[in-house]
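Here the structure is a predicted model, which means the values were calculated and not measured. In the text below, chain A, chain B and the rest are named by the order of the sequence lines, each starting its count at 1.
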There are 2 protein chains.
Amino acid sequence: MSTKREQIIETTCQLIEMQGYHATGLNQILAQSGAPKGSLYYYFPDGKEELAVAAIERTSRDIERNIQQVMTAVPDPIAAINQFILGLAAAVEASGFRAGGPVTAMALEAASTNERLRLACRDAYRLWQDAFAARLRDGGFGAERAESLSALILASLEGAIILSRSQQDVRPLRQVAAEIDTLLRPGGP
Amino acid sequence: MSTKREQIIETTCQLIEMQGYHATGLNQILAQSGAPKGSLYYYFPDGKEELAVAAIERTSRDIERNIQQVMTAVPDPIAAINQFILGLAAAVEASGFRAGGPVTAMALEAASTNERLRLACRDAYRLWQDAFAARLRDGGFGAERAESLSALILASLEGAIILSRSQQDVRPLRQVAAEIDTLLRPGGP
DNA sequence: GTCTATAATACGATAGAC
DNA sequence: GTCTATCGTATTATAGAC
């Protein structure tokens with residue numbers, strides 16, 4: 001419950017999502033969060049790896065809560081998914097195309113080299129995909145189709161964030177939102 | 001046309017796609033490619049950044065050629081796109097989920113911090129998306145819809161590679177291939 | 001629990017011999 | 001053109017005072 005511990009994690013999330021895992025140094029995290037190096041190793045004895053896992057878990061919960069919130073606020077599942085993606089586009093744009101979630105960065109950098117981080121990322125993705133899949137089942141899709149559709153939604157979401165940041169333009173995210181909507185609507189394209 | 005220069009670029013592509021940009025050291029590239037440090041700075045006076053740009057441009061051409069090849073071999077555009085994605089899934093699996101393209105890694109790590117790399121990634125994505133869009137127009141889709149669909153295809157492709165590597169399972173790529181196919185077929189879902 | 005100083009190592013880049 | 005030795009500065013991690 002320590003507030004300094006939370007500050008360190010929060011700063012880590014911000015820096016990793018902007019720069020990536022390996023480009024973000026412990027010294028930079030310490031400088032920006034105002035914590036000394038001793039505190040970091042007191043709260044995270046395993047060092048950078050443990051801190052990164054904490055950052056992934058924190059983001060995992062935050063995003064999952066965000067998804068649930070939109071899904072509860074908007075009754076129609078298809079409209080809810082559309083609104084979530086557009087909300088994401090607005091957030092990415094508002095950050096000046098610097099934000100896009102720390103999980104994807106670590107998933108790419110550490111998927112092949114760090115098993116612990118890979119599993120943490122995998123679990124986060126699983127949680128988010130399940131949130132979409134559950135809502136799709138509520139909307140009348142069968143279990144298998146909901147699983148398949150939620151995979152497309154999550155994948156295109158992650159990919160569109162990368163495209164939008166590279167182009168510094170929200171168009172890819174908006175286009176994905178529109179095409180997903182078309183795919184989900186009864187009657188189809 | 002130097003063969004050593006090509007070796008350096010090829011090794012850079014392999015290492016960056018496995019570990020990312022910042023995690024890949026110049027010394028590691030040199031050791032694996034068998035080149036000495038002097039050669040690297042002779043061929044790439046601007047150092048790591050110039051080398052990374054060369055790696056992106058090389059991958060850009062290779063993938064574009066791969067897309068064109070599948071699109072030429074398979075007459076039906078929708079079937080061709082499906083086959084390209086499944087081919088990608090096979091390649092990712094064959095690499096032991098270590099490969100997935102060096103561009104995405106750099107796009108994420110450098111989008112906010114290195115303008116030169118960001119632009120190189122943006123151009124690569126543009127080239128690939130245009131290849132898909134052109135084929136969709138051939139298949140009868142209007143220009144605007146082809147643009148929007150190709151954005152979804154490229155985004156979901158990139159995202160599904162990340163998901164598949166995190167899970168060490170090609171399912172996400174296969175599910176994306178199937179859902180894209182459903183979306184494209186006349187009559188729809 | 002909190003903090004500083006420092007160790008051990010790797011990084012990218014450069015200088016200069018050949 | 002090719003190569004090696006080395007510089008200066010990062011990095012993660014630790015030891016030990018308070």
Side-chain angles (χ1 to χ4, degrees), chain A residues 1-56 102 105-106 108-110 112-118 120, chain B residues 1-56 102 105-106 108-110 112-118 120:
Chain A
M1 207 43 189
S2 162
T3 196
K4 195 156 270 179
R5 200 188 119 102
E6 293 304 309
Q7 268 180 295
I8 294 174
I9 296 178
E10 176 60 28
T11 304
T12 303
C13 287
Q14 289 174 13
L15 289 174
I16 288 182
E17 93 181 319
M18 279 196 294
Q19 308 171 333
Y21 175 68
H22 285 100
T24 299
L26 256 24
N27 293 327
Q28 194 185 7
I29 294 171
L30 263 15
Q32 184 163 324
S33 67
K37 191 161 283 192
S39 294
L40 194 151
Y41 279 95
Y42 171 74
Y43 290 118
F44 307 96
D46 275 6
K48 192 179 187 179
E49 184 178 296
E50 186 179 355
L51 176 54
V53 171
I56 293 171
M106 285 190 264
L108 262 168
E109 290 182 72
S112 309
T113 53
N114 188 317
E115 189 68 0
R116 194 172 165 195
L117 291 185
R118 195 203 113 225
Chain B
M1 207 42 188
S2 163
T3 197
K4 193 155 271 180
R5 199 189 120 100
E6 292 305 308
Q7 269 179 294
I8 294 174
I9 295 177
E10 176 60 28
T11 304
T12 304
C13 287
Q14 288 174 13
L15 289 174
I16 288 182
E17 92 183 317
M18 279 197 293
Q19 307 170 335
Y21 175 69
H22 285 99
T24 300
L26 255 25
N27 294 324
Q28 192 185 8
I29 294 172
L30 264 14
Q32 184 163 322
S33 67
K37 191 163 283 195
S39 294
L40 193 150
Y41 278 94
Y42 172 74
Y43 290 117
F44 307 96
D46 275 7
K48 192 179 187 180
E49 184 178 296
E50 185 179 357
L51 177 54
V53 170
I56 292 172
M106 284 190 267
L108 262 168
E109 289 182 72
S112 310
T113 54
N114 188 316
E115 189 68 359
R116 194 171 166 195
L117 292 185
R118 193 204 116 223

Within residues 8-17 of chain B, residues whose heavy atoms come under 4.0 Å of DNA chain D: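 None, since no heavy atom is under 4.0 Å.
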
For DNA chain D, the residues among residues 31-42 of chain B that have a non-hydrogen atom under 4.0 Å from it: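 Here the set is B:Pro36, B:Lys37, B:Gly38, B:Ser39, B:Tyr42.
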
For [X], give me all partners under side chain to side chain contact (heavy atoms under 4.5 Å, CB included), at least two apart in sequence or on another chain.
X	value
A:Tyr42	none
B:Glu50	B:Phe44, B:Pro45, B:Asp46, B:Arg116
B:Glu17	B:Ala99, B:Pro102

Just verifying a value: how many Å separate [X] [atom1] and [Y] [atom2], rounded to the nearest 0.5 Å?
X	Y	atom1	atom2	result
A:Lys48	A:His22	NZ	NE2	6.0 Å
A:Leu26	A:Leu40	CG	CG	5.0 Å
B:Leu30	B:Gln7	CG	CD	11.5 Å
B:Cys13	B:Leu51	SG	CG	8.5 Å
A:Thr12	A:Ile29	OG1	CD1	3.5 Å
B:Thr11	B:Glu6	OG1	CD	11.0 Å

Atom pair distance, as rounded to whole Å: [atom1] in [X] and [atom2] in [N]:
X	N	atom1	atom2	value
B:Leu51	C:dC11	CG	P	14 Å
B:Ile29	C:dA10	CD1	P	16 Å
B:Glu49	C:dC11	CD	C1'	16 Å
B:Leu26	C:dA13	CG	P	6 Å
B:Tyr21	C:dG12	OH	C1'	10 Å
B:Asn114	C:dG12	CG	P	14 Å
B:Asn27	C:dT14	CG	C1'	14 Å

Sugar-phosphate only, base, or nothing, as touched by B:Phe44 at under 4.0 Å among non-hydrogen atoms: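 The residue B:Phe44 makes no contact with any strand.
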
Along DNA chain D, first and last positions that approach a heavy atom of chain A under 4.0 Å: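 Extent of the interface on DNA chain D: D:dT11 to D:dT14.
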
Close side-chain approach of A:Asn27 and A:Lys37, heavy atoms under 4.5 Å: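 They are in side-chain contact.
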
Between A:Thr24 and A:Gln19: side-chain donor-acceptor atoms closer than 3.5 Å: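 Yes - a donor-acceptor pair under 3.5 Å links their side chains.
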
